[in-house]
Amino acid sequence: MKRLRICLALLILCAAGCRPPVADKPDASSPAPAAEPLFVDVAAQAGVRFTHSAGAEGRFYFIESTPAGCAMFDYDNDGYLDLLLLQSGPSRKPPLDSPRPHCALYRNQGDGTFRDVTAGSGLDRDLGYAHGVAVGDYDNDGFEDLFITAYRSNHLLRNVRGTGRFTDVTAKMGLDRIHSTGYATSAAFGDYDNDGRLDLYVCYYCPWTWEVDKPCKDANGRPDYCTPELYDPDTDRLYRNTGTRFVDVSEQAGITRETGRGLAVAFLDYDRDGRQDIFVANDLTPNFLWHNRGNGTFVNEALKAGCAFSDGGIVMAAMGVGVADYNRTGRDSLYVTNFSGLPNVLFQNMGEGLFHDATSDTGLHAPTLNFLAFGCEFLDYDNDGWTDLLACNGHVQLHAETKMEGVTYRQRKQLFRNREGARFEEIADLRQLGGLAEPHVGRGLAVGDFDNDGRVDALALNQNGPAQLLHNQTPDRRRWVMFKAVGTKSNRSGLHTRFTLTAGGAQQSAAVRAGSSYLSASDTRVHFGLGDASVIDTVQIQWQSGRRETLRNLPADTIYIVTEGKGVTGRQPVNGSSSR
């Protein structure tokens with residue numbers, strides 16, 4: 001009876017005004033145990049001092065809302081990831097009355113610090129109003145090249161054998177022709193015809209120019225950026241690499257049959273037929289899923305496959321895309337970021353060429369509603385063997401707080417822990433988030449282990465703000481392994497190579513990334529968290545050429561270089577503190 005009276009009293013108190021706890025504002029009267037930050041922004045101490053500018057000067061040009069991206073890649077093949085940060089502004093119509101600020105290239109010193117090597121690199125010049133970057137060894141010489149999208153002036157930059165210099169070969173390789181008005185966004189290298197040479201897909205947003213820019217205002221009559229619906233969608237471009245040039249095959253491949261406001265692109269073999277398909281995230285137009293027919297042509301199967309719209313047939317304001325086998329089925333699923341008030345969407349690959357909107361099923365619906373997300377990536381941040389999710393958030397409307405309660409212009413990033421493929425749990429404690437909790441206008445996001453300690457870090461490009469180098473300091477040290485793929489008959493970058501790993505009684509799979517996130521390029525080394533497994537029993541490797549190989553009994557906590565037809569051919573340096 002006494003217990004009943006206590007319960008009734010509690011119910012009366014709650015009826016009088018109990019409120020559910022707010023995750024981001026812990027009750028100061030009963031402090032929780034101190035939580036160690038999982039990610040710490042070490043940009044300044046590492047020597048990365050870069051501030052992005054979208055060129056905003058009160059004119060509210062539409063193009064100012066979309067840049068910019070970044071890359072984590074090893075340009076000099078020393079085993080450590082270097083950094084590229086793209087610069088955009090000013091947004092005024094040329095000619096400019098002052099020099100445009102340059103993009104920045106930082107060389108990894110191998111000791112946790114970086115050196116600015118932009119001067120003399122070929123990036124120290126006006127590359128236009130830059131948006132995105134794709135990384136790939138297009139000429140198969142063993143060094144990663146760059147393709148940078150910029151308004152009216154894309155650039156193919158050939159890596160001069162890791163010397164830190166990049167030569168502009170845009171015109172020489174046939175990529176100098178401007179498509180539409182030149183509003184290119186994301187791009188990705190990928191080998192769609194399995195000839196061992198990397199082809200190129202470029203997203204285009206809309207036919208915008210300064211002359212057609214529309215003045216817009218918010219509900220209170222203040223100038224603000226327009227909704228994309230005021231501008232027509234555009235067509236994308238597909239370029240085939242012949243070895244001597246890139247040839248525009250968009251029309252004959254069928255790519256020009258559809259229009260969309262393209263913002264992100266990724267190659268993936270979603271139906272496991274051995275041919276690379278292409279997913280494009282479109283803003284307020286249906287997404288594309290270009291199914292590769294194997295004869296040089298593609299057909300858009302997004303509607304049939306179930307990834308053109310979110311659940312209920314709602315068109316997405318799709319900005320970024322992540323690709324991973326998050327639930328260990330051997331099939332790659334898609335995570336697509338979205339506008340505030342709408343959830344980011346997890347398209348679960350069900351096999352048989354079909355996707356299912358698993359957003360609500362996996363707990364990803366409600367936590368993303370107050371955020372506007374751009375860059376995103378799957379990564380196993382805690383090395384437990386299940387790929388987690390990271391999203392880079394930031395609004396496009398200056399007075400976003402007037403649109404929806406709880407929505408702001410600057411926003412923190414979001415980290416979701418994968419609970420064994422069934423659900424994702426948001427890490428909402430700001431103390432744990434560390435540098436991820438700092439509010440910014442987030443755009444580009446790349447992930448990779450910059451200090452080779454076995455924990456995946458992140459690089460974020462924040463619009464009109466400082467870049468962040470987010471060091472993963474997860475305290476629970478579990479085992480891990482990474483693989484750098486080197487193709488011989490397949491493309492030299494090893495893009496699309498699939499690793500299927502068995503360790504500790506569990507099987508995982510992942511393919512070398514070929515496009516993902518938003519305007520950005522992540523580390524192409526394949527990383528697996530292993531939990532407590534100290535030995536990898538088997539690694540099955542399927543190369544894009546069709547060749548299959550098996551490795552056995554590999555020690556954990558190692559970065560292996562695997563060459564097609566030769567097995568393990570080397571190891572990259574590992575930070576000694578990562579070993580247990």
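Below, all heavy atoms of this structure are taken into account, side chains as well, without hydrogens, waters or symmetry copies.
Annotation for Asn159 and Asp141: closest pair O-OD2, 4.0 Å, computed over non-hydrogen atoms. Nearest heavy-atom pair, Thr185 versus Leu519, reported as atom, atom and distance to 0.1 Å: C-CD2, 3.4 Å. Across every non-hydrogen atom of Ala446 and Ala521, the tightest pair is CB-O, 3.4 Å. Taking both residues in full, the closest heavy atoms of Ala302 and Phe288 are given as CB-C, 3.9 Å, listed atom of the first, atom of the second, then distance. The two residues Val535 and Ala503 come nearest to each other via the heavy atoms O-CB, 3.7 Å.
A perpendicular orientation is assigned to the rings of Tyr201 and Phe267, their planes being inclined by more than 60° (bins at 30° and 60°). Classification of the Phe347-Phe355 ring pair by plane angle, with boundaries at 30° and 60°, yields perpendicular. Using a 30° and 60° split on the angle between ring planes, Tyr335 and Phe378 fall in the perpendicular class, above 60°. Using cut-offs of 30° and 60° on the angle between ring planes, the pair Tyr183 and Tyr205 is tilted.
In summary, Asp557 and Arg479 engage in a salt bridge, as defined by a charged side-chain N under 4.0 Å from a carboxylate O. Ion pairing of Arg49 with Asp116 is absent here, as no side-chain N (NZ or NE/NH1/NH2) approaches a carboxylate O to less than 4.0 Å. The pair Lys484-Asp74 does not count as a salt bridge, with every side-chain nitrogen at least 4.0 angstrom from each carboxylate oxygen. By the 4.0 Å N-to-carboxylate-O rule, Arg498 lies too far from Asp269 to be salt-bridged with it. Using a 4.0 Å cut-off between a side-chain N of Lys or Arg and a carboxylate O of Asp or Glu, Arg240 and Asp193 qualify as a salt bridge.
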Criterion ring pair (Phe, Tyr, Trp, His ring centres under 6.0 Å) on His52 and Phe50, from CA distance to verdict
CA-CA 7 Å; His52 175 264; Phe50 179 90; 7.1 Å; no
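Tested against Asn383 for a side chain to side chain donor-acceptor pair (under 3.5 Å), the candidates Arg478, His527, Arg455 yield a single pass: His527.
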